[in-house]
Amino acid sequence: MAERIKFWLNGCDIAFIAEAPEDITLKQLLKRCDRIHPDWCACGICSLGNGDERQAQIAIDYDGIRKTDDTAPCKIEADASWRDRED
């Protein structure tokens, strides 16, 4: 049996702690997350939808992550240690 990982599914006004097998593919994860119908707001991960022509704002590959649109409202930090900092 595969180990399981816990992670956040974040929306603007709603968030869930979820878990999944650590070796699940993104395709499998999205198929399952598409079934979530939150009581309000929107869940933080789902398929884009057929026919949506918008360009990606963030690109993820095997070695890293980068913004492809400088106007995307986020920062890409060097590592995840920013989560432990108090602002």
Side-chain angles (χ1 to χ4, degrees):
M1 181 176 214
E3 294 290 322
R4 298 183 69 79
I5 56 171
K6 290 185 180 180
F7 55 95
W8 281 103
L9 291 174
N10 281 329
C12 58
D13 292 328
I14 194 170
F16 306 98
I17 295 175
E19 67 177 16
E22 69 179 4
D23 61 351
I24 195 168
T25 67
L26 180 57
K27 183 176 181 178
Q28 292 169 320
L29 182 67
L30 288 173
K31 185 175 181 178
R32 275 102 182 130
C33 288
D34 284 346
R35 296 174 54 192
I36 298 170
H37 185 162
D39 291 345
W40 67 89
C41 193
C43 188
I45 186 170
C46 59
S47 298
L48 186 57
N50 295 332
D52 194 323
E53 299 291 327
R54 289 181 282 181
Q55 297 295 313
Q57 295 174 291
I58 296 175
I60 302 168
D61 60 33
Y62 293 110
D63 297 321
I65 183 171
R66 63 184 171 85
K67 287 173 62 169
T68 57
D69 177 349
D70 289 336
T71 67
C74 65
K75 296 176 188 163
I76 305 296
E77 302 287 352
D79 57 42
S81 65
W82 70 269
R83 293 180 172 276
D84 299 326
R85 295 190 305 246
E86 291 186 28
D87 292 334

TODO: Please name all residues satisfying side-chain contact (heavy atoms from CB on, under 4.5 Å) with N50, sequence neighbours left out, ordered by chain then number.
DONE: none
- [ ] List in chain and number order the residues that pass side-chain contact (heavy atoms from CB on, under 4.5 Å) with C41, two or more places apart in sequence or in another chain; answer none if no residue qualifies.
- [x] C12, D13, I14
- [ ] Calculate, to the nearest 0.5 Å, the distance between atoms CG and OG belonging to D84 and S81 respectively.
- [x] 7.0 Å
Task: Flag, side chain of T68 to backbone of A56, donor-acceptor distance under 3.5 Å - done: yes
Open item on the list: With a 6.0 Å cut-off (strictly less than), is the heavy-atom count around NZ of K67, excluding the residue itself, greater than 12?
Closed with: yes
Task: Enclosure of D79 CG (heavy-atom neighbours >12, cutoff 6.0 Å) - done: yes
Task: Test item: R32 and Q28 side chains (from C-beta on) under 4.5 Å apart, heavy atoms - done: yes
How would you list, by chain and number, every residue that makes a salt bridge (Lys or Arg N to Asp or Glu O under 4.0 Å) with [X], sequence neighbours excluded?
X	answer
E19	R4
R35	none
D52	R54

- [ ] Please go through I60's hydrophobic cluster and name the other residues, only I, L, V, M, F, W, Y counting, with side-chain heavy atoms under 4.5 Å joining them.
- [x] I58, I65, I76
With clusters defined by side-chain heavy atoms of hydrophobic residues (ILVMFWY) lying less than 4.5 Å apart, directly or transitively, does [Y] cluster with [X]?
X	Y	result
L29	L48	no
F16	F7	yes
L30	I5	yes

Task: Shortest non-hydrogen contact between D69 and T71, atoms and distance - done: OD1-OG1, 2.6 Å
